[in-house]
There are 2 protein chains.
Amino acid sequence: MENVRVQVEPRDVLAIPHFASLTEAEAATVAPLLRCQRLAPRGRLMTEGEPCAGFYLVRRGTLRLFRTAPDGREQTLRIVGPGETFGEVPVFDGGPNAASVEALEEAVVVLVPAAVAQVLVERYPAVARALLRHLAVRLRAFNELVEQLSLQTVQQRLARYLYTEARETGQLTAEGVVIARRLSGQDLASLVGSVREVVARSLRALEDEGVIAVERHRYVVRDLEGLRRYL
Amino acid sequence: MENVRVQVEPRDVLAIPHFASLTEAEAATVAPLLRCQRLAPRGRLMTEGEPCAGFYLVRRGTLRLFRTAPDGREQTLRIVGPGETFGEVPVFDGGPNAASVEALEEAVVVLVPAAVAQVLVERYPAVARALLRHLAVRLRAFNELVEQLSLQTVQQRLARYLYTEARETGQLTAEGVVIARRLSGQDLASLVGSVREVVARSLRALEDEGVIAVERHRYVVRDLEGLRRYL
DNA sequence: CCCCGCCCGTGACGATTGTCACAGCCCGCG
DNA sequence: CGCGGGCTGTGACAATCGTCACGGGCGGGG
């Protein structure tokens, strides 16, 4: 098991996509201002509505951003892994945290305090440009999410998730494209905007159609083109 | 009827929230680079997936940003009126238009070409800061929309729409808070993420509960607090 | 004034989704 | 190894939502 550094170094700064344009010397002045934080599985990093500390870079592990309804149901907004950032909204609109964040597994994150981010935006046009690009990319992704939630069935949303996973992380085998099951039924349900029972039924329906096989620790996509036709 | 100026003047530049920090002299150098455009009711300004011209300011009238499913159903993402901007996403992420845009009534818009916006961001930190804020605000609004579409019923979403309208544009009368009906049934349905029949039934249900009255050209909110309890 | 087109509300019915309950399996811990 | 907790799939049932069809009203134009 790797011994996790508690100190933030210049290379951590440069690993943040928004700050990739900084020089080594510039990164060295920023590094002491950032904070490294470790999370246990299911550990809560951020709660929607509370004051914002800053935005985060994921150094290790996987986290889930989500919103919670009064009845306890959750909608996962996004799942983030190593090299990705999240939490920028309140840094730039001055409001409270826009979502809650929890770790799906043991994780390590680097906090960029809001004031630090704001100074870097003022001082470096390339940082501002990168952040504008990032927020635009996030907005586009939300456009897609809104469309899916409003206009597609759960089965279609599930098919899209599997199709995307197959293309991004799938392993081609003789049986088909193998996708490791990295989310619990509950977490997958909140990602596609439903409940676990409906997701299980939809998985079964896709299996009955012959496009996928559902196993305990993995899905096998037998017919990628067939899966795409659900989109 | 006002004679609409075809030429863009410095005051139009300064009316764009992102550019409000420019001086009159700076605005005068930008004005000749912008383009004024008039739209008929239901006129199409932008189509999702096509190349991006730039972002727009609404000078007059009301427009609707939306996404369309293959079966023709539409989800309205946002309705924009005078003084508001839209279309920034592709300017900053370099992709195609993220949504389609049509006029709900006769409208006049000002186009800020993508290249112009990008130069101003590089040159003026205050412009960059304002745009970051704008995109963050939009992301937060999408967070809310995603939550509503996933976790709330149509009736709840409708109640939220009415509650918001009552507080923002409502007129207090002896009967209650009067809201002018400015959207057709179809457009309201696409805004709350449903179909017009379901919206009509939900309106009827709210009326039967006594919290609103539904009339041809207006809604009357009889019990604002009662309406809020649906949220 | 009349006619036509568009919008609207409503009801019947089907489809999808969510809730509840239960049994079985797997994994981790003592 | 055994037990307990968490996860999972499944079925029955209820609730919500969407589709289809139709009749009525309103506004604009001839």
Side-chain angles (χ1 to χ4, degrees), chain A residues 40-42 64 68-76 102 104-106 147-161 180-209 212-219 230, chain B residues 40-42 68-76 104-106 147-161 180-209 212-219 230:
Chain A
R42 293 292 163 189
R64 172 178 87 108
T68 308
D71 64 1
R73 274 187 69 191
E74 293 172 348
Q75 172 62 45
T76 294
E102 73 175 14
L104 291 179
E105 61 195 346
E106 197 173 277
E147 178 178 337
Q148 286 165 38
L149 289 173
S150 177
L151 305 175
Q152 291 188 336
T153 61
V154 171
Q155 187 171 354
Q156 283 172 310
R157 303 202 294 268
L158 192 56
R160 182 180 295 271
Y161 166 78
R181 279 179 92 158
R182 53 181 189 124
L183 298 180
S184 70
Q186 182 64 51
D187 286 335
L188 179 56
S190 86
L191 182 62
V192 301
S194 183
V195 293
R196 68 171 187 85
E197 292 95 338
V198 176
V199 166
R201 280 189 215 120
S202 298
L203 281 171
R204 181 60 187 275
L206 288 171
E207 192 175 36
D208 290 345
E209 301 280 343
I212 64 169
V214 181
E215 294 169 17
R216 176 139 192 101
H217 292 290
R218 62 184 204 165
Y219 307 112
Y230 286 92
Chain B
R42 294 291 163 190
T68 308
D71 64 1
R73 274 187 70 192
E74 292 172 349
Q75 172 62 47
T76 294
L104 290 180
E105 61 193 347
E106 196 174 278
E147 178 179 337
Q148 286 165 37
L149 290 172
S150 177
L151 305 176
Q152 291 188 336
T153 60
V154 170
Q155 187 169 357
Q156 284 173 310
R157 303 203 295 268
L158 193 56
R160 181 180 295 270
Y161 167 78
R181 280 179 90 157
R182 53 182 188 124
L183 298 179
S184 69
Q186 182 64 49
D187 286 335
L188 179 56
S190 86
L191 182 60
V192 300
S194 183
V195 294
R196 70 171 184 86
E197 292 94 339
V198 175
V199 166
R201 280 187 216 121
S202 298
L203 281 171
R204 181 60 187 276
L206 288 172
E207 191 173 36
D208 290 346
E209 301 279 343
I212 65 169
V214 181
E215 293 168 15
R216 177 140 191 98
H217 292 293
R218 61 183 203 166
Y219 307 112
Y230 285 91

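The sequence lines fix the lettering, A, B, ..., with proteins before strands; numbering per chain opens at 1.
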Can you measure from CG (B:D71) to CD (A:Q152) and round to the nearest 0.5 angstrom?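 Those atoms lie 10.0 Å apart.
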To the nearest 0.5 angstrom, please state how far the CD atom of A:E147 sits from the OG1 atom of B:T68.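 OG1 of B:T68 is found 8.0 Å from CD of A:E147.
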Atom [atom1] of [X] to atom [atom2] of [N]: distance rounded to whole Å?
{"X": "A:L151", "N": "D:dC17", "atom1": "CG", "atom2": "P", "value": "15 Å"}
{"X": "B:D71", "N": "C:dT16", "atom1": "CG", "atom2": "P", "value": "13 Å"}
{"X": "A:L188", "N": "D:dG9", "atom1": "CG", "atom2": "P", "value": "10 Å"}
{"X": "B:E207", "N": "C:dT10", "atom1": "CD", "atom2": "C1'", "value": "14 Å"}
{"X": "A:L149", "N": "C:dG18", "atom1": "CG", "atom2": "P", "value": "11 Å"}
{"X": "A:Q156", "N": "C:dT16", "atom1": "CD", "atom2": "C1'", "value": "12 Å"}
{"X": "B:L104", "N": "C:dC7", "atom1": "CG", "atom2": "P", "value": "13 Å"}
{"X": "B:D187", "N": "C:dC6", "atom1": "CG", "atom2": "C1'", "value": "13 Å"}

Expected output is a numbered-order residue list: members of residues 198-206 of chain B with a heavy atom under 4.0 Å from any atom of DNA chain D. What is it?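 Correct list: B:V198, B:R201.
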Counting side-chain heavy atoms from C-beta on, which of [options] comes nearest to [X]?
{"X": "B:V195", "options": "C:dG18, D:dG18, C:dT10", "value": "D:dG18"}
{"X": "A:R73", "options": "D:dC26, D:dT19, C:dT19", "value": "C:dT19"}
{"X": "A:T153", "options": "D:dT8, D:dG9, C:dT16", "value": "C:dT16"}
{"X": "A:R181", "options": "D:dG18, D:dG9, C:dC27", "value": "D:dG9"}

Quick one, B:L203 with B:V199, criterion side chain to side chain contact (heavy atoms under 4.5 Å, CB included). Give me CA distance, side-chain angles, the key distance, then yes/no. CA-CA 6 Å; B:L203 281 171; B:V199 166; 4.2 Å; yes
Between B:R160 and B:Y230, is any side-chain donor less than 3.5 angstrom from a side-chain acceptor?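 Not at all, the side chains of B:R160 and B:Y230 share no donor-acceptor pair under 3.5 Å.
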Please determine, by modelled atom types, if A:Q155 and A:S202 share a side-chain donor-acceptor pair under 3.5 angstrom.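 Checked: A:Q155/A:S202 side chains show no N/O donor-acceptor pair below 3.5 Å.
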How close do [X] and [Y] get, heavy atom to heavy atom, and via which atoms?
{"X": "A:L104", "Y": "A:L183", "answer": "CD1-CD2, 3.8 Å"}
{"X": "A:S150", "Y": "B:G193", "answer": "OG-CA, 3.9 Å"}
{"X": "B:R181", "Y": "B:V214", "answer": "NH1-CG1, 3.6 Å"}

No-H, no-angle donor-acceptor pair, B:E197 side chain to D:dC17 base, under 3.5 Å: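 When only heavy-atom distances are counted, B:E197 does not reach the base of D:dC17 through any donor-acceptor pair under 3.5 Å.
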With a 3.5 Å cut-off and heavy atoms only, can you find an N or O donor on one side and an acceptor on the other between the side chain of A:Q186 and the base of D:dC7?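 No such pair is found, so the answer is no.
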Salt bridge check, A:R182 against A:E105: does any charged N sit closer than 4.0 Å to a carboxylate O?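 Answer for the salt bridge query: no.
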Report the residue (A:R157 or A:R196) whose heavy-atom-nearest nucleotide on DNA chain C is the more 5′ of the two.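 Taking each residue's closest nucleotide, the earlier one in sequence belongs to A:R157.
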Test log, rule side chain to side chain contact (heavy atoms under 4.5 Å, CB included), inputs A:T76 and A:D187: CA-CA 8 Å; A:T76 294; A:D187 286 335; 5.7 Å; no
Would you say B:H217 places a side-chain N or O within less than 4.0 Å of OP1 or OP2 belonging to C:dC8?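 Result: no.
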Over its full length, what angle do the end axes of the helix from C:dC1-D:dG30 to C:dG30-D:dC1 make, each axis taken from five pairs and the result rounded to 10 degrees?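 Answer rounded to 10°: the end axes differ by 40°.
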